[in-house]
Engineer: 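One structure, pasted below without further comment.
Just so it is clear, the structure is predicted and the values come from calculations on it, not from any experiment. Each chain gets a letter, A, B and so on, in the order its sequence line appears, and its residues count up from 1.
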There are 2 protein chains.
Amino acid sequence: MSSESISSVFVIKNALLASKLSKRVGNHLSAHGISLAEYLVMHYLDNSPQKAVPRIELAEHIGMSASGITRLISPMEKNKIVEKVVNPRDARQSLVKLSKTGQRLYGEASTSFEYITNELVGNLSLSQQEKIVALYAKVI
Amino acid sequence: MSSESISSVFVIKNALLASKLSKRVGNHLSAHGISLAEYLVMHYLDNSPQKAVPRIELAEHIGMSASGITRLISPMEKNKIVEKVVNPRDARQSLVKLSKTGQRLYGEASTSFEYITNELVGNLSLSQQEKIVALYAKVI
DNA sequence: GATATTTACTTGTATACGCAAGTATATATC
DNA sequence: GATATATACTTGCGTATACAAGTAAATATC
């Protein structure tokens with residue numbers, strides 16, 4: 001019975017927890033017609049200082065491939081949730097920006113998001129949550 | 001600039017971290033010809049007391065659908081990594097069990113897994129990792 | 001003990017990605 | 001300033017997974 005390292009357990013439990021949380025959260029977000037990935041995009045756009053970001057930056061931030069971002073953003077553009085902004089300095093880029101509609105949708109969705117995440121992790125105290133978040137920043 | 005709840009941040013950072021970790025770990029496991037999902041199955045089977053578990057139990061544990069498990073296990077059976085065990089008490093179930101080959105493969109893969117996870121989360125002390133894992137158990 | 005319901009699993013189909021290759025533009029090198 | 005290389009993105013294709021529906025076996029109800 002070879003003993004298992006803490007790091008292994010950490011990574012496994014982290015993966016299992018994230019899987020559970022993202023499923024639950026995804027179910028709630030679907031009431032707003034969006035996926036968790038779409039929410040993460042909106043969240044990033046809303047919190048980004050310049051409000052219009054290159055797709056590649058989105059991809060890196062939310063851990064998706066560039067092609068994944070293309071296909072994720074494409075229907076969001078059709079639905080007028082985000083809009084394309086050209087970068088005069090670099091014609092290769094097409095920047096992504098939350099539209100007015102997108103801002104409204106994000107506002108509604110984030111209210112749900114706050115509520116459900118609080119339900120899900122409410123068994124942890126705020127300081128416990130804060131500590132974990134702080135420690136996450138040190139990983140990798 | 002509405003302030004964001006810690007629970008939201010927790011869930012988002014957790015998802016992003018898990019995504020990063022599972023990609024890195026997956027890359028390393030691919031050297032053994034297996035995916036992270038397959039590793040999780042082997043890990044669960046190896047740690048399960050009775051060594052032969054119903055598919056539904058696997059599904060619940062690793063957070064996949066029953067059909068997902070069917071399609072995940074199927075090639076593992078073909079490759080003789082796991083074997084089917086009938087349950088005399090319940091003919092609906094087909095239990096899954098690590099084969100000798102599977103045990104050997106898991107032994108090799110887990111060595112890599114321990115190594116890479118230690119690299120990835122090595123910036124956290126063991127007690128920090130332990131604390132987080134303990135807190136994970138309280139969520140949901 | 002027959003019938004209805006539930007459970008464990010499989011299969012068809014749809015979706016959400018990733019990777020590889022392609023295109024256009026920018027940057028570096030000479 | 002021409003050519004090579006790198007970057008940002010898109011598209012074709014393959015894979016992993018979920019959901020819905022189907023099947024077979026177990027359990028509950030009468």
Engineer: Atom CG of B:L36 and atom C1' of D:dT15: how far apart are they, to the nearest Å?
Structural biologist: 16 Å
Engineer: For B:S74, which contact category applies under a 4.0 Å heavy-atom criterion: base, sugar-phosphate, or nothing?
Structural biologist: nothing
Engineer: Is it true that a side-chain atom of A:E114 and a backbone atom of B:S5 form a donor plus acceptor pair closer than 3.5 Å?
Structural biologist: yes
Engineer: Whether A:R55 contacts D:dT10 is assessed here as follows: a side-chain N or O lying under 4.0 Å from the phosphate OP1 or OP2. Is that the case?
Structural biologist: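 Yes, because at least one side-chain N or O of A:R55 sits under 4.0 Å from OP1 or OP2 of D:dT10.
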Engineer: Can you check whether A:S35's main-chain N or O pairs, donor with acceptor, with A:E38's side chain at less than 3.5 Å?
Structural biologist: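 Yes.
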Engineer: What's the angle between the local helix axes at either end of the helix from C:dG1-D:dC30 to C:dC30-D:dG1, using five pairs per end and rounding to 10 degrees?
Structural biologist: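 Both end axes considered, the difference amounts to 30°.
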Engineer: Do A:S99 and A:E83 pair up side chain to side chain, a donor and an acceptor below 3.5 Å, judged on atom types alone?
Structural biologist: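 Short answer, no.
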Engineer: Mind checking whether B:K131 and A:K131 have side chains closer than 4.5 Å, heavy atoms only?
Structural biologist: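 No; the side chains remain at least 4.5 Å from each other.
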Engineer: Taking any heavy-atom pair under 4.0 Å as a contact, classify A:S35: base, sugar-phosphate, or nothing.
Structural biologist: nothing
Engineer: Looking at side-chain heavy atoms only, is the closest gap between A:L58 and A:L72 below 4.5 Å?
Structural biologist: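 A:L58 vs A:L72: side chains apart.
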Engineer: Taking atom P of C:dT5 as reference, at what distance in whole Å does atom CZ of B:R92 sit?
Structural biologist: 16 Å
Engineer: Any salt bridge (Lys or Arg N to Asp or Glu O under 4.0 Å) involving residues 12-35 of chain A? Give me the pairs, sequence neighbours left out, ordered by first then second residue.
Structural biologist: none
Engineer: How close or far is atom P of C:dA16 from atom CG of A:L40, stated in whole angstroms?
Structural biologist: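 About 15 Å, once rounded to whole Å.
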Engineer: Is the backbone of A:K51 close enough, under 3.5 Å, to the side chain of A:S48 for a donor and an acceptor to pair up by distance?
Structural biologist: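 The answer is yes, because a donor-acceptor pair under 3.5 Å joins these two groups.
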Engineer: Tell me which nucleotide among C:dT6, C:dG18, D:dC9 gets nearest to the side chain of A:P54.
Structural biologist: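 Ranking C:dT6, C:dG18, D:dC9 by closest atom to the A:P54 side chain puts D:dC9 first.
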Engineer: For A:A91 and for A:A37, find the nucleotide of DNA chain C with the closest heavy atom, then tell me which residue's nucleotide is more 5'.
Structural biologist: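 It is A:A37 whose nearest nucleotide is closer to the 5' end.
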Engineer: Mind calculating the distance between CD (A:E38) and P (C:dA16) to the nearest angstrom?
Structural biologist: 8 Å
Engineer: Between A:N87 and B:Q93, which is nearer to the 5' end of DNA chain C once each is assigned its nearest nucleotide?
Structural biologist: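 First, find each residue's nearest nucleotide; the 5'-ward one identifies B:Q93.
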Engineer: Say whether, by atom type as modelled, one donor and one acceptor occur between the side chain of A:N123 and the main chain of B:K138 under 3.5 angstrom.
Structural biologist: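 Answer holds: yes.
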Engineer: Counting only N and O atoms by type, is there a donor-acceptor contact under 3.5 Å from the side chain of A:N14 to the main-chain atoms of A:F10?
Structural biologist: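 Not confirmed, A:N14 side chain does not pair with A:F10 backbone.
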Engineer: Give me the residues of residues 56-73 of chain B where at least one heavy atom lies under 4.0 Å from an atom of DNA chain C, by number, or none.
Structural biologist: B:I56, B:A66, B:S67, B:T70, B:R71
